[in-house]
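Naming convention: chains lettered A, B, ... in sequence-line order (proteins, then strands); numbering from 1 in each chain.
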Amino acid sequence: MSVATAPDVQTPPPPVEAALPMSRNAGRLLLAPSVIVLLAWMIIPLVMTLWFSFEYYNLVNPTLTGFAGWDNYRYLVTDPDFWVSLENTLIILAAVLFVTVVGGTLLAVVFNQNFPGRNIARVLAISPFFVMPTVSALVWKNLLMHPIYGVFGAIARGFGLQPVDWFAQFPLASVIAIVAWEWLPFALLILLTAVQSLDNEQREAARMDGAGVVAQFFFITLPHLSRAISVVIMIETIFLLTVFAEIFVTTSGGPGNATTNLAFLIYARALLQYDVGGASAGGVVAIILANIVAFFLVRSIGRRLEV
Amino acid sequence: MKATPLQRALAIIFGWGAALLLFFPIAWTVLTSFKSEAAATTPALFFTPTLESYREVFARANYLAFAWNSVVISFGATALALAFAIPAAYAMAFHPTRRTRGTLLWMLSTKMLPPVGVLVPIYLLFRNGGLLDTRIGLVIIYALMNLPIVVWMLFTFYKEVPNDILEAGRMDGARTGGEIWYLLLPLSLPGIFSTGLLSLILCWNEAFWSLNLTSVTAAPLTAFIASFSSPEGLFFAKLSAASTMAVAPILVFGWFSQRQLVQGLTFGAVK
């Protein structure tokens, strides 16, 4: 709080520009542009989405307009596709969270050990996070999972097994595999940072007392990681609720609606069927879902924040 | 703590095993990019390497135009976000008020708005404003999207700049503008650099808005790669070559910014 402290008596009175009220105004002036654009970025689309969700608004049927009341929402909740998409959204979320958090925790402990080439191995392991989603999805679909030309098929044939047509037989699991591959490195990176801040003396003391590796993990490492794990879960949830590109380039939500999640459903409503009102109602649901998580995330981060 | 030989062996096996498994798809893509189109459909490990696919991607697909879009959009959005964020982070770090804490948390909460929730209004606004399929449109979206992260990271860096130095400058009669330009900017250059790097990575890989708001003229690499998803586009070697070129630069950036990534993506909640 440098501004608030009174100037030393010995120093000559500061020039007018450096006086206290000026600085405070200057501070506001510097902050204002960011606040204004973010406020606009948040409020305008939000209000429009809410507004459209109560309107009849279809780009291919301009005759039907006006206030729709709850019609868009009623149409949404009576649409079986909506419930399937909600289910798929939650399945993707739960499955990817499980794989990345469990895998990330175990790998963080492994990469916390000293072993030859650890730094290179770590760089390789976190690399998938930097691959753009469209590339990951297409590489997995074509180069790895393709039943005839893919690597997995070749391996299966090598063992004398029938290759699996992943995207036809297990479409949702295939999408989950791709997304988990992208996010496992993220969990590993965050959790590794957290593990490294663990006090080694504590573990040493536990070891002296006769705690085995497993006991050390469950009674010291895991409690220490609990905060980092909850942050990973919340941040991943924000992104995983709206997985889009991976589905867009691999299955387009199909076969049928097997891989249609909420994000893809809204996209299809808006930009394929031009149903602005219906898509907006879906958008409102997505916003509410994300905000439930965001509430806890912001609170958890706020507790740590020192201003 | 001294690890037993068994622990050490297990760490090597699991550490390297996981690393190689996770990296395998990337390595395989790079490998396939050097195959001929005929060889790319067989999972052979030994083949005659060729640059044929790279030549084809350059010649036919107009790869450079998409790459240039990615460069312009990523750097443009990063510069724009920094221009807004540097003064804001400075004000909050060095002239905090009672509202600073709330402002920071509110900025963070704007990041929680799911893009798909506002797809419809943004699409319509862009259509009416003539911003669909323009680079400036994506620059604006990406800058706004990353602004909270950029402000937060800079705020964290500024918090570590010793206040005494600025105090001394102020005593010597530096105005606020001069203070930022001559004192703070040089001091926090490493912080600005790594913040910018993270913003570049996020912009480069963004694939929701780029797929929905661009088609041809302003399409960046994420959208270009998506064009390989059509069944006619099943040219594995060309897909691999294009993917390798799209991913390689940002992968290297990513390796250099691991630590900042943790800070930036968790908003300082994990250090």
Side-chain angles (χ1 to χ4, degrees), chain A residues 2-3 17-18 23 26-27 30-31 33-34 38 41-42 45 48-49 107 110-111 113 115 121 123-125 127-128 130-135 138-139 142-143 149 151 154 189-190 193-194 204 228 231 238 242 244-245 248-249 263 266 270 276 279-280 283 286-287 290 294 298 301-302 304 307, chain B residues 1 11-12 14-16 18-19 22-23 25-26 28-29 32 41 43 84 87-88 91 95-96 100-101 105 107-110 112 114 116-122 144 147 163 167 170 173 175-176 205 207-208 211 222 225-226 228-229 236 239 243 246-247 250-251 254-255 262 266-267 269-270:
Chain A
S2 60
V3 206
E17 294 87 356
S23 283
L30 295 173
L31 190 54
S34 293
L38 276 179
W41 165 240
M42 188 174 81
M48 285 174 78
T49 300
L107 285 182
V110 169
F111 278 97
Q113 313 288 320
F115 62 85
V123 161
L124 294 182
S127 294
F130 303 111
V131 176
M132 52 178 70
T134 44
V135 166
L138 284 179
V139 162
N142 294 335
L143 267 53
Y149 309 123
V151 176
L189 194 58
I190 306 288
T193 311
E204 188 70 4
V231 170
I238 301 278
T242 58
F244 177 77
F248 179 84
V249 298
I266 296 169
V276 172
S280 297
I287 291 170
V298 172
I301 289 169
R304 257 284 179 96
V307 184
Chain B
M1 190 163 61
I12 296 178
F14 283 108
W16 272 100
L22 284 168
F23 195 72
I26 300 172
W28 189 254
T29 308
T32 308
T41 51
F84 275 89
H95 304 278
T100 299
R101 184 191 168 78
L105 289 177
M107 284 186 170
L108 165 65
S109 72
T110 65
M112 310 293 162
V116 74
V118 293
L119 168 65
V120 173
I122 296 289
L144 285 167
L147 187 54
N163 220 335
E167 202 82 29
R170 225 170 285 151
R175 294 165 185 231
T176 308
N205 287 341
F208 178 76
L211 288 175
T222 43
I225 299 292
F228 280 89
S229 64
F236 287 8
L239 166 66
S243 298
V247 167
I250 224 64
L251 198 57
W255 289 341
V262 174
T266 60
F267 297 93
V270 174

Structural part of [X] lying under 4.5 Å from a heavy atom of chain A:
X       : answer
L147(B) : side chain
L119(B) : side chain
L144(B) : both
T32(B)  : side chain

| Selection from A228(A), P128(A), A270(A) maximising heavy-atom pairs under 4.5 Å formed with chain B |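 Of the candidates given, the most pairs with chain B belong to P128(A).
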| task | List in chain and number order the residues that pass ring-ring contact (aromatic ring centres under 6.0 Å, His included) with F14(B), two or more places apart in sequence or in another chain; answer none if no residue qualifies. | result | none
Interface moiety of [X] toward chain B, non-hydrogen atoms closer than 4.5 Å:
X       : result
S34(A)  : both
I238(A) : side chain
L107(A) : side chain

Within the 4.5 Å heavy-atom criterion, are [X] and [Y] side-chain neighbours or not?
X       : Y       : result
L143(A) : P25(B)  : no
F23(B)  : V123(A) : no
I122(B) : W41(A)  : yes

| task | Mind checking the CD1-CZ spacing from I266(A) to F244(A)? Nearest 0.5 Å is all I need. | result |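 Taking CD1 in I266(A) and CZ in F244(A), the distance rounds to 10.5 Å.
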| task | Calculate, to the nearest 0.5 Å, the distance between atoms CZ and CD1 belonging to F130(A) and I250(B) respectively. | result | 9.5 Å
| request: Please say whether more than 12 non-hydrogen atoms of neighbouring residues, nucleotides or ligands are located less than 6.0 Å from OH in Y149(A). | output: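 It does not: Y149(A) OH has 12 such atoms or fewer within range.
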| said: Please rank G117(B), A91(B), S243(B) by heavy-atom pairs under 4.5 Å with chain A and give me the top one. | reply: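 Looking at each of G117(B), A91(B), S243(B) in turn, G117(B) comes out on top.
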